[in-house]
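Just so you know, residue 1 is the first one in the sequence shown, and it goes up from there. No experiment lies behind these values; they were computed from the predicted model shown. First listed ligand is number 1; within each ligand, the first listed atom is number 1.
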Amino acid sequence: MSKTVVANAYGGPEVLEVIDEDLPAPGPGQVVVEMRAIGVNPIDYKLYSGAFGADPAQLPVRPGIEGSGVVVEVGDGTDVRVGEEVILYSGVGAYAERVLVSAGDVLPKPESVPWDSAAGLLVAGGTAVDALTVTRVGEGDVVVVQGAAGGVGELVVQLAAARGAIVVGVARERHHDFLRGLGATPVEPGDGLPERIREIAPDGVDAVIDTVGTDDVVDASLALGADRDRIVTIVAVERAQRDGFLWIGGGNENSDRIRREARPVLVEMAGHGGLNVAVGTRFPLAEAADAHRALRKPHARGKFVLVP
Ligand SMILES: NC(=O)c1ccc[n+]([C@@H]2O[C@H](COP(=O)([O-])OP(=O)(O)OC[C@H]3O[C@@H](n4cnc5c(N)ncnc54)[C@H](OP(=O)(O)O)[C@@H]3O)[C@@H](O)[C@H]2O)c1
């Protein structure tokens, strides 16, 4: 039996319920992971909120893309061992005590990476690598990161700095010391943002990565004057289509490939201390609805994690 969180209807966090599920034995090439921590991402609630449609045939929605845990069962034909500590990218259904996945969906967890950080690494990290890849950020580029202290933003900042870029991180004042610690120059959002950034980067901006997506943030991003094929949003798809700049998202073939290839690299970087996921609030698995309520409001910095 495994306690699993599902949504049997579309709506707010109140539709989430915890069910007891029998997991089948792993088939060839499959493994069962007993979860230690589960990463909470905004997409988890968007999927049952109706934001991406409300087709009754798609119910129940099984939230949860990623986490960390210990392999407790293995099917035939895999090198993964029982007892191995892993980071998993299940794509779906990770809000559970135990998860059945393909052996190809797990990577060995470096001992130095705590369970909680490991659980929040792959979705935000893969998105960050995708954003930096499509905007071709490299050595010496000036890159502006909107929402720099968020789950995706903090990894964009770290990975951009690791590429040798000069990083300007847009975030509220309370996050500024944190961003300086990651190697970014912090700047306050809101009215007058383009002027403040021009003071920091008088020779101009090469690329902009937007993880916020509101109209005012998009307007400020465009006003910085970078080429539009070096401005990307991970949220404001309609604005990108209308204004001729880039957007990225899962389900796109190019993005899926970039993110899949990035996963082992992210794990290796985290294992060597070159990448850190700031962990915020931990919630018991059964309180996933509370985690989603909190994530939808302004919240403290750091990745939310569910603990079975
Ligand atoms: N396209 C994709 O593949 C993809 C992948 C992952 C995530 N996403 C989407 O990307 C968004 C961000 O995800 P996340 O996990 O990073 O969320 P998150 O951890 O909640 O981060 C959002 C950040 O934006 C900041 N922020 C809000 N308004 C701002 C403003 N006007 N200027 C500067 N910063 C501002 C917030 O700061 P405060 O806390 O101070 O308000 C917070 O740090 C979500 O909508 C998510 O669904 C898309």
* Can we say Asp215 and Arg239 salt-bridge, meaning some charged N sits less than 4.0 Å from an Asp/Glu carboxylate O? -> yes
* **Joint cluster assignment, Val205 & Val232, ILVMFWY side-chain distance < 4.5 Å** => no
* Asked: Got Gln146 and Ser221 here, is their nearest side-chain heavy-atom distance under 4.5 Å?
  -> yes
* Centres of the His292 and Phe304 rings: under 6.0 Å? -> no
* Taking atom types as modelled and ignoring hydrogens, do the side chains of Glu66 and Ser90 form a donor-acceptor contact shorter than 3.5 angstrom? -> no
* Count the heavy atoms belonging to other residues, nucleotides or ligands that lie under 6.0 Å from NE2 of His272, then report whether that count exceeds 12. => no
* Contact residues of ligand 1 (heavy atom under 4.0 Å), by chain and number -> Pro42, Lys46, Thr127, Gly147, Ala149, Gly150, Gly151, Val152, Val170, Arg172, Arg174, His175, Pro189, Thr211, Val212, Val217, Ile234, Val235, Ile248, Gly249, Gly250, Arg259, His299
